[in-house]
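Notes follow once the structure below has been shown.
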Amino acid sequence: MGSKDDLKAMDEDLFTVIIGGQAGQGVKKAGEAVSKFFLEKGRYVFEMDDYQSLIRGGHNFASVSSSTEELFSHHMGADVVVNLDKTSYEMHKEDLTPDGLNFYNSDEIENGDGIGLPLTSMSKEFQRPKLILGVAGISILAAVVGEDKDSLVSLVNSVYPRGKEDNTAFSEMVYDEVVDKVESTLDLKEGDCRNRMFPGNHVIAMGAASAGLDIYFAYPMTPASSILHFYASHGDKLGVTAVHPESEIAVANMAIGATIAGARSMVGTSGGGFALMAEAFSLAGMVESPVLFVLSSRPGPATGVPTYTEQGDLGFALHQGHGDFPRIVASPGDMEEAFYLTADMLSLLWKYQTPGIVLTEKHLSESSMCMDVDPSKVRTVEPRMHEEDTGYKRYLFTEDGVSPLKFPPSKEAIKWNGEEHDEYGITTSRSEEIAAMHEKRHKKEVVIIEDLKDRHTVNVYGSGENVIFTYGSTTLSVREALRCSGIEAKVVQPIYLKPLPTWELKKHVNDRSIVVEQSVAQQFSTLLEDKIGLEPTSVIKRYDGRPFDPMELAEKIEEAIK
Amino acid sequence: MGSKDDLKAMDEDLFTVIIGGQAGQGVKKAGEAVSKFFLEKGRYVFEMDDYQSLIRGGHNFASVSSSTEELFSHHMGADVVVNLDKTSYEMHKEDLTPDGLNFYNSDEIENGDGIGLPLTSMSKEFQRPKLILGVAGISILAAVVGEDKDSLVSLVNSVYPRGKEDNTAFSEMVYDEVVDKVESTLDLKEGDCRNRMFPGNHVIAMGAASAGLDIYFAYPMTPASSILHFYASHGDKLGVTAVHPESEIAVANMAIGATIAGARSMVGTSGGGFALMAEAFSLAGMVESPVLFVLSSRPGPATGVPTYTEQGDLGFALHQGHGDFPRIVASPGDMEEAFYLTADMLSLLWKYQTPGIVLTEKHLSESSMCMDVDPSKVRTVEPRMHEEDTGYKRYLFTEDGVSPLKFPPSKEAIKWNGEEHDEYGITTSRSEEIAAMHEKRHKKEVVIIEDLKDRHTVNVYGSGENVIFTYGSTTLSVREALRCSGIEAKVVQPIYLKPLPTWELKKHVNDRSIVVEQSVAQQFSTLLEDKIGLEPTSVIKRYDGRPFDPMELAEKIEEAIK
Amino acid sequence: MSDDLDTGAENTWCTGCGNFGILAAVKKAVKKLEENGLSKENLVISTGIGCHGKIFDYLNLSGIYSLHGREVASAEGIKLGNPKLKVVAFGGDGDCYGEGLAHLLFAAKRNMDITVIVHNNGAYALTTGQASPTSPKGFKGPATPKGSVERPIEPLTLLLSAGATFVARGYAGRVDHLSKLIVEGVKHPGFAHIDVLQPSVVFTDYYDEYNELVKKLEEPEETISKAMQLAIKTDVLPIGIFYREEAPVYHEELMGDMNPVKDRYKREKRIELIEDMLGVE
Amino acid sequence: MSDDLDTGAENTWCTGCGNFGILAAVKKAVKKLEENGLSKENLVISTGIGCHGKIFDYLNLSGIYSLHGREVASAEGIKLGNPKLKVVAFGGDGDCYGEGLAHLLFAAKRNMDITVIVHNNGAYALTTGQASPTSPKGFKGPATPKGSVERPIEPLTLLLSAGATFVARGYAGRVDHLSKLIVEGVKHPGFAHIDVLQPSVVFTDYYDEYNELVKKLEEPEETISKAMQLAIKTDVLPIGIFYREEAPVYHEELMGDMNPVKDRYKREKRIELIEDMLGVE
Ligand SMILES: Cc1ncc(C[n+]2csc(CCOP(=O)(O)OP(=O)(O)O)c2C)c(N)n1
Ligand SMILES: Cc1ncc(C[n+]2csc(CCOP(=O)(O)OP(=O)(O)O)c2C)c(N)n1
Ligand code: SF4
Ligand code: SF4
Ligand SMILES: [Mg+2]
Ligand SMILES: [Mg+2]
């Protein structure tokens, strides 16, 4: 097993399945079933869903990679490819490892390469022939690796609870057909992974909830929508209210309003929606409201490519909102970090009363991966409060610029003001007061930097002469590329992007540094050039909406560090 | 004459008048009259209006400085101060040069320092006693400098066309009273300035009109509103339509729409409104629409201080809009530049089909200054057009990334697309197409840099060991500070901020560099540190909403370069 | 006027401005509400940007001086954060019927339990008098020197169309009447809208006209359609409650009795719930 | 369907989607308009983002694939840039009645001479079926798994309140009828709104219900108020022109006969005018 490319993955146990078909054929669900199958074998799993912005038709696929070792990305070199339709067959021809098995729908393709199965005709017998097609995925896999039929049936029934009889029958039909056609079974080792897997957005949602989130506001926008859906379904249980208002502008302003009532609030969106929140973001800076913004990027500009991945919003996120005010921007490099970091960010923002951003991308938001987190390790910081009944000033000058909070009901008025104001929160245009309040807010920026200096702000993986700078979900691609290729290199990933932990990053700068990112304008590399004087020998970038394939990336890295 | 401060202005002919009073007392108009008076004496004039965000009451003042030499800023050290009310008297006590004359309203203050005039009682005789008060300003000045009464009256009548009789009578009364009370007259030299003076916003508006602007969209927002008002009044004549829609989001999207019809469109706003345009800005980047955005800054964040000045939107402007796409950001350093630069920007954007920003501040937008421009020097570039009837592709791949334009009516469809698209403008999510279109747009960024390399992108004033980096309207303050203090220094002002002309700027970097700007977070200095490795020995910043007083600034510069 | 609702901030409205009437009516209403048992500790305000917004500085009540056009969204957020609070949003006609119109109509649609008071002076006063959504056709301002070419909107019909459950019009020149409307609006369970005819002495000095034309309504109309007929009248300007209806309120429908702030789970409980969800052993 | 209005782009709407009916009706309408002398060279479209927006790719007409909720503002800009053009904006219910509601109502208020066609499927279809402003209470979607708690808006009454001068409802299942409405809308001098009942076979497959309830109107109503009564009916769903009125259109009021693009002054003229203004000798 391994990769389709010249460079062969060094992980002997790597096993990848790709299932492709039309939207509405249950491709995503098929991926889930495969993931579950691997998980039950104690294997580590990474699932990436590639789909288009449409509800039926088009071409979708799920790539599910697994191994007995911890792994960080899906692969595009597959050991088993299941093509439910013709388009899929054509698209994934190249995605096969040398020994890989290619299954195609022989009702749509005559004399294809690989193993033809008359999937469409087989499915015709059943009530929902189109929807049932996806069940073929896991059935083929089970047959190929020699899983017994009973186990297959029970897995199918747990993943597809509706229409059990039909599913069982179809699944058995496919299984038998494959056993008939494939001579020998492939070997699949069991592992000792005990973790469950989750999509990044659910992890982010759970991280925020564990740190005390009260209310989540969002307007649907791919790839952030599943956070909203998560809270809408599970919020009752977790004590998090989910609200879907008329627009992103309403979202952001409501979220600020909620903080005034004392509620911890978060919003989530993608680039276009985040753009609409610019004014409110600035308002949060001015009134000192700790709203947490989740920005999950997709290719831009404008509406871009809604269901794909990119890192083109970095500069925008770092400079969001007009005027001078402090903000914290952080980006998780994997699922576990997404959990802890979201929790930390919520606490940090409440500590410093300023808005902040968890910046991520479709690749992390919507991919699923095994994850081992311990919610009890979440640090929660209680914000500074004014406990007395008298003497309250919302914008009290303090040494660190942080004024104690107070929430209604309150005997004394608590005045949050989006115009420039005095300590009480009354509007001012007096020069000394303007200057003093600017300094107060600016102080927090300084204090936040000091705080971050005591925190873990940069992840370093591996070691070696060669240094690879990356961030966000691209970290997953880089780590998997190194893991599978055996290339020796040190991966440096800033978790915080503003303030940027230059003090840490500078330690790693050398003349054998490269940058890996997903932006045509190489925004991340530019940031490092600007802030730590990095002069990368090469910038590896991908900007076609797809995450890197680890083996392809490994080749590029190898070339770059030669 | 000269300044109130220790450092004495070296310009012997500098003469400053400050008139202070309440909103509704005609302070601004009084400043205009003074300016006109100076202009008629062939003197160079700079007028700065300081007012609050209210319609009546509060405290406003106009500072009008003039000289026989070209000057670049108002001064706060005044030779004559006219206080129409008590607040003004208290606020401007400090603003007097050693030999300056302080006039106050003796109906409101008993035994003040200076010369008391019973302005309120004198005005009572007339129909609109409050409105007439402002006429005192010019009347006092005329008396103080020994202007004859007839000339005064004719000036008053030209500036105040309404209620001529009352104005004349009141003006003569004040004049006589002053002549009575002031022993000797101050000397005021005539100069040979032949220029008219205009507020910055009108200059920007005229610049755009001369380069072919067709339509201006705006939602009122100080300090940009007067561009809208200008076109609303003079657009008919100039062939520019002014439209005031329901919101800034409408403004920006309408402006993009207009370009699709082939109209050259511009919008204007301040920080908060510009924030609301973020998504549309990104749309302009994606569809390749050359909308020109005028961003006139006031103190932020949020609503900030609506009627004052600041440079806190720099970073925001440079990174406006989500996603990767090219943009041009430029900021004029004086009125003449405001004229030519706005015109140039309109042409540049149409040449490269991408959005851009003229970044300025209240200080330039709303201050008035003598100006010598020749509209026939405006360079206009015709955009690249597709002239044939067939074979049109809106996003044709070309060497420089610029695709020919075509406007309806058109036999072939012209498809502008805010989602990622192919050359025809049809939506795509194909990986090769996404990458290719990203590269196409990115190419323009490269080409724009090459274009700028052939242009004048950095102003350098003066010379010397010491280098002062500044930009925007702060350039005016710096130039005036140097002019009046005799400090030897080289002023370096980038006109373009994105792409930043690093090739030019780097030539001026040395270890005796300082930065002057109006942002608490010193955004401009940070930009230079990032982009040209500047390590300023000191950053002089002001962030209380007021522009620098040149003499105060001179002292700070002196200290910094010691 | 120095009282416990006064902040001591300098008032910069023009002498004679209709906003003074609104301020007085609000203070009266708050006193009245306090007598009725609503502590002002539970009253929270939000304001937009414009002359109207300055009421934020003059009222010694908790709240937020929001953005131009966003006071309704802010108010909704406050209410959802802690449904125990009574929230009143103050807007301008430019602000609330222009820039922020969508928030207003959606708050009405979802019957959000807040009160909105619009200082409707038919102009963008603070920005020097441009035509607003309620300015009559022909209105002259700096952006329409030859007169606005647009017909005005009639806000109450729009709100009724959007589903508002309490719709009223007041007049800044009838302080007592207005204060009663505010009391009723705040007490109304659900979305309450009060459009206030507010002369700007500088830009729209309509006192004489209003004094002549306003006419107090005795009773709300029975149907939306009748209320609409009333709202578009121009020969007289009815003031009072045009329409009122009880309907389920948003936050109760969404969260029942739950209160995000008051019923927040303790850390331990949250951790436990998440552990459960994660399958952590 | 391959014709000169077809782009050849792959159609990715679900089989049976109401959008096909709208596309067919638009094509028919364009043909008809061409017969009436309106060259399609002068027809420009804008679309929002959602399933509806894909019509941009399928119609071989000039225009812009705008942002979610901004197609009306885009259309207005196109019209103002060159008033000779006929502009049609295609929106979704989430898009045009939600995110972009204010643009729609203001376009109606100012009687902007454009036509808006809303593919009203009562759901945010493209983002997997969340409740939209026109979804009924109780609607289940991924953001409202237990049912939406909001009452829907009725778009036509809102538009009538805002001052729309042409208000119609069509049905994607009555292609000929809809195409006539579109022809009338485009010919209407001023703002024309056409709300189209558009079943989404995936999320809101209301074909049966609509087939039963829709009823063609013979004549527009005489008054706004009657038109409103018609619009809120639920026992039958009237389709046709509800209301129509002639009123001055915005661009003519604002600029008379001037056309920014066609009547642009030559460089020399501009320079001369500015020189004059500057007092350059
Ligand atoms: C986003 C944004 N756009 C524009 C402004 C400028 N602005 C301040 S007040 C105002 C108009 C206010 O009109 P209205 O809401 O009617 O209030 P009024 O002053 O008449 O009470 C405007 C446009 C702003 N503050 N924010
Ligand atoms: C600013 C912004 N917010 C959110 C989205 C995501 N989005 C795309 S389509 C859509 C909903 C579309 O619903 P509707 O307008 O009713 O169109 P339909 O798909 O039902 O035709 C949303 C929310 C977006 N593209 N832009
Ligand atoms: S300008 Fe008009 S609305 Fe504003 S304070 Fe003065 S009178 Fe009142
Ligand atoms: S999801 Fe619904 S609206 Fe979208 S194409 Fe399919 S049927 Fe049509
Ligand atoms: Mg107003
Ligand atoms: Mg819809």
Side-chain angles (χ1 to χ4, degrees), chain A residues 52-53 249 270-276 278-279 281-283 285-287 297 299-308 310 312-313 315-316 318-325 418-420 428-429 431-435 438-439 441-442 445 519-521 523 529-531 533 542-546, chain B residues 52-53 58 249 270-276 278-279 281-283 285-287 297 299-308 310 312-313 315-316 318-325 418-420 428-429 431-432 434-435 438-439 441-442 445 519-521 523 529-531 533 542-546:
Chain A
Q52 293 173 290
S53 185
I249 300 184
S270 192
F274 192 61
L276 289 167
E279 196 196 16
F281 194 85
S282 179
L283 176 65
M286 185 57 135
V287 300
S297 286
T303 309
V305 199
T307 57
Y308 287 86
E310 190 166 285
D313 298 335
F316 185 56
L318 298 182
H319 297 88
Q320 173 71 314
H322 59 290
D324 278 322
F325 61 95
E419 300 210 23
E420 196 53 282
T428 189
S429 62
S431 58
E432 322 81 68
E433 289 178 345
I434 296 171
H438 260 314
E439 280 160 14
R441 288 187 296 267
H442 190 59
E445 191 154 337
S519 144
V520 69
Q523 297 187 23
E529 289 163 41
D530 288 353
K531 298 297 180 188
R542 181 161 190 167
Y543 42 79
D544 63 354
R546 275 66 179 173
Chain B
Q52 294 172 289
S53 183
I249 299 184
S270 192
F274 191 60
L276 289 167
E279 196 196 14
F281 194 86
S282 179
L283 177 65
M286 185 59 136
V287 300
S297 286
T303 309
V305 199
T307 58
Y308 287 87
E310 191 167 282
D313 298 335
F316 184 56
L318 299 182
H319 298 88
Q320 174 69 315
H322 59 290
D324 278 321
F325 60 95
E419 300 209 25
E420 197 54 281
T428 187
S429 60
S431 58
E432 322 80 71
I434 296 172
H438 260 314
E439 279 160 15
R441 287 186 299 266
H442 189 61
E445 192 154 336
S519 145
V520 69
Q523 297 187 24
E529 290 164 41
D530 288 353
K531 297 296 181 190
R542 182 161 190 169
Y543 43 79
D544 65 353
R546 276 65 179 173

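Reckoned from all heavy atoms, side chains included, excluding hydrogens, waters and symmetry mates. Numbers restart at 1 for each chain; the letters A, B, ... are given by sequence-line order, proteins then strands.
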Does some side-chain heavy atom of A/P306 sit less than 4.5 Å from a side-chain heavy atom of B/E419?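 They are in contact (side-chain heavy atoms under 4.5 Å apart), so the answer is yes.
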When rounded to the nearest 0.5 angstrom, what is the spacing between [atom1] in [X] and [atom2] in [Y]?
{"X": "A/S297", "Y": "B/H322", "atom1": "OG", "atom2": "NE2", "answer": "9.0 Å"}
{"X": "A/Q52", "Y": "B/T428", "atom1": "CD", "atom2": "OG1", "answer": "8.5 Å"}
{"X": "B/T303", "Y": "A/M286", "atom1": "OG1", "atom2": "CE", "answer": "7.5 Å"}

Check each atom of A/R542 against the heavy atoms of chain B and say whether the ones under 4.5 Å are side chain, backbone, both or neither. neither
Minimum heavy-atom distance between [X] and [Y], given as atom pair plus value:
{"X": "A/I434", "Y": "B/D544", "value": "CD1-O, 3.3 Å"}
{"X": "A/D324", "Y": "B/S519", "value": "OD2-OG, 2.9 Å"}
{"X": "A/H442", "Y": "B/V520", "value": "NE2-O, 3.8 Å"}
{"X": "A/P301", "Y": "B/F325", "value": "CB-CD2, 3.6 Å"}
{"X": "B/Y308", "Y": "A/S429", "value": "CE1-CB, 3.9 Å"}

Would you mind telling me which of A/G271, A/G545, A/P299 has the largest number of heavy-atom pairs within less than 4.5 Å of chain B?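 Most heavy-atom pairs within the cutoff with chain B belong to A/G271.
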Between A/V305, A/I249, A/V287, A/T307, the one whose heavy-atom pairs under 4.5 Å with chain B are most numerous: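 Top count of heavy-atom pairs under 4.5 Å with chain B: A/V305.
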With chain A, which of [options] has the greatest number of heavy-atom pairs at distances under 4.5 Å?
{"options": "B/G312, B/A302, B/A275", "result": "B/A302"}
{"options": "B/S270, B/G272, B/G315", "result": "B/G272"}
{"options": "B/E420, B/Q320, B/R546", "result": "B/R546"}
{"options": "B/S431, B/G285, B/A278", "result": "B/S431"}

When the 4.5 angstrom heavy-atom criterion is applied to B/L318 and chain A, the contacting part is neither
Test A/D530 against B/K531 for side-chain contact (heavy atoms from CB on, under 4.5 Å), laying out the working first. CA-CA 6 Å; A/D530 288 353; B/K531 297 296 181 190; 2.8 Å; yes
